[in-house]
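For reference, the structure is listed below as structure tokens.
Within every chain, numbering begins at 1; the chains are lettered A, B, ... in the order of the sequence lines, protein sequences first and strands thereafter. Heavy atoms only: backbone and side chains are in, while hydrogens, waters and symmetry mates are out.
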Protein chains: 2
Amino acid sequence: MATAPNIRRPDALTLEVVELIGDVVARFYEDYEEAAGEHALTGAQARLLSMLSLEPLPMRKLAQKLKCEPSNVTGIVDRLEARGLVERRPDPADRRVKLAAATEEGSRVARELRDGLRFAREPLAGLTDEERLSLRDLLRRMLTT
Amino acid sequence: MATAPNIRRPDALTLEVVELIGDVVARFYEDYEEAAGEHALTGAQARLLSMLSLEPLPMRKLAQKLKCEPSNVTGIVDRLEARGLVERRPDPADRRVKLAAATEEGSRVARELRDGLRFAREPLAGLTDEERLSLRDLLRRMLTT
DNA sequence: TATTGTTATACTCTATAACTATA
DNA sequence: TATAGTTATAGAGTATAACAATA
């Protein structure tokens, strides 16, 4: 039964796991978009706000993290700023840089957003500690490959 | 007791696993968008085309599967049809319905797209059969919770 | 009357290129 | 000259509402 993994032609088990991962990805995304929508945020706005709730970041850095062009960040921050969730601050060290930062209200929304994510939390509650440890290690290994 | 009734606060391990799942989701999405881009397809176009590569579907059904409004499907199918990857066919049973179907070329592109997905396949090659079985069971349980 | 697909409209996200103000 | 952020532009996805053809 212990057939060696064939890289060129994935075996049935690998294909099944790939499909399961696809299902998890779909569920996670739906859940995220739904949680964002409950706060009248788009997915991009929610992701950017979540980043800023940890620490203020230059526009350039936000573009790198969101994997989009810096010009797009301008608009997303504009809309969040218009709602009072984010503000632009000067960077004392470099006057070219603008630091985007979550306001108090923005941090509150980001926290509610995180707490509103049901999937990837509720399902995990059905697993034992040992199983969660096992899952953690497997996911870690996948991400470092 | 003055304690609030059973508010679940995820432990550190659960939070770590949630974050790891988020990382996997991000990696999977990047990989999918990249694979789509290599065929000059957007993510939505690639997802729709992949669905049609299995079987022709009514526009309405596509909207349900993509979780978007039917009016959006019109445009996505329009663009795929303009490139000869998809075609609209009448439904003999109901003249209101239009069946979207992948052309031969469309099926070929969908196949290449699927084969081009590196993540969720290469990382799995680094796991043993036993580990993949374990991962499969854990993911299954998460999805049925 | 209800349903299917489309059109029209408006908003957001996206990449590209040109611009400004700093460095 | 190079970099950070912005603006302008165009294409794509999205939801909403109104519409024609068909059931």
- prompt: In terms of side-chain heavy atoms, does B/R132 have a donor or acceptor partner in A/T14 at a distance below 3.5 Å?
  reply: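 Judged by distance alone, the side chains do pair up.
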task: Go through the side-chain N and O atoms of B/R114 and B/S50 and say whether any donor and acceptor fall under 3.5 Å apart.
output: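 No.
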For the pair made of [atom1] in [X] and [atom2] in [N], what is the distance, rounded to whole Å?
| X | N | atom1 | atom2 | result |
| --- | --- | --- | --- | --- |
| B/N72 | D/dA15 | CG | C1' | 7 Å |
| A/K67 | C/dT14 | NZ | C1' | 16 Å |
| A/R79 | C/dA10 | CZ | P | 17 Å |
| A/D91 | D/dG5 | CG | C1' | 13 Å |
| A/D94 | D/dG5 | CG | C1' | 11 Å |
| B/R89 | C/dG5 | CZ | C1' | 18 Å |
| B/E33 | C/dT14 | CD | C1' | 11 Å |
| A/E69 | C/dT16 | CD | P | 6 Å |

query: Closer to the 5' end of DNA chain C via nearest nucleotide, is it A/R47 or A/A93?
result: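 Result of the comparison: A/R47.
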- prompt: Given that B/I76 and B/R96 both sit by DNA chain D, which one's nearest nucleotide is further toward the 5' end?
  reply: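 That would be B/I76.
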- prompt: Going by heavy atoms in the side chains, are B/R88 and B/D78 under 4.5 Å from each other?
  reply: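 Yes, side chains in contact.
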message: Could you check whether any side-chain heavy atom of B/L135 comes within less than 4.5 Å of a side-chain heavy atom of B/L124, counting everything from C-beta outward?
response: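 When only atoms from C-beta onward are counted, B/L124 and B/L135 do touch, with a gap below 4.5 Å.
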task: Can you check whether any acceptor in the base of D/dT14 is under 3.5 Å from a donor in the side chain of A/T42, or vice versa?
output: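 Looking at the base of D/dT14, it does not pair with any donor or acceptor on the side chain of A/T42 (distance under 3.5 Å).
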message: Let's test your reading of the model: under 3.5 Å, does the base of C/dT4 pair with the side chain of B/R60 as donor and acceptor?
response: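 There is none.
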Any side-chain N or O of [X] below 4.0 angstrom from OP1/OP2 of [N]?
| X | N | value |
| --- | --- | --- |
| A/K98 | D/dT6 | yes |
| B/R95 | D/dA21 | no |
| A/S71 | D/dT6 | no |

task: Report which part of the nucleic acid B/R88 touches: base, sugar-phosphate, or nothing (heavy-atom distance under 4.0 Å, all strands).
output: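 The answer is sugar-phosphate, as B/R88 gets under 4.0 Å only of primed atoms, P, OP1 or OP2.
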- request: Determine, for B/E87 against B/R89, whether the closest basic-nitrogen to carboxylate-oxygen distance falls under 4.0 angstrom.
  value: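 The answer is yes: the pair qualifies as a salt bridge.
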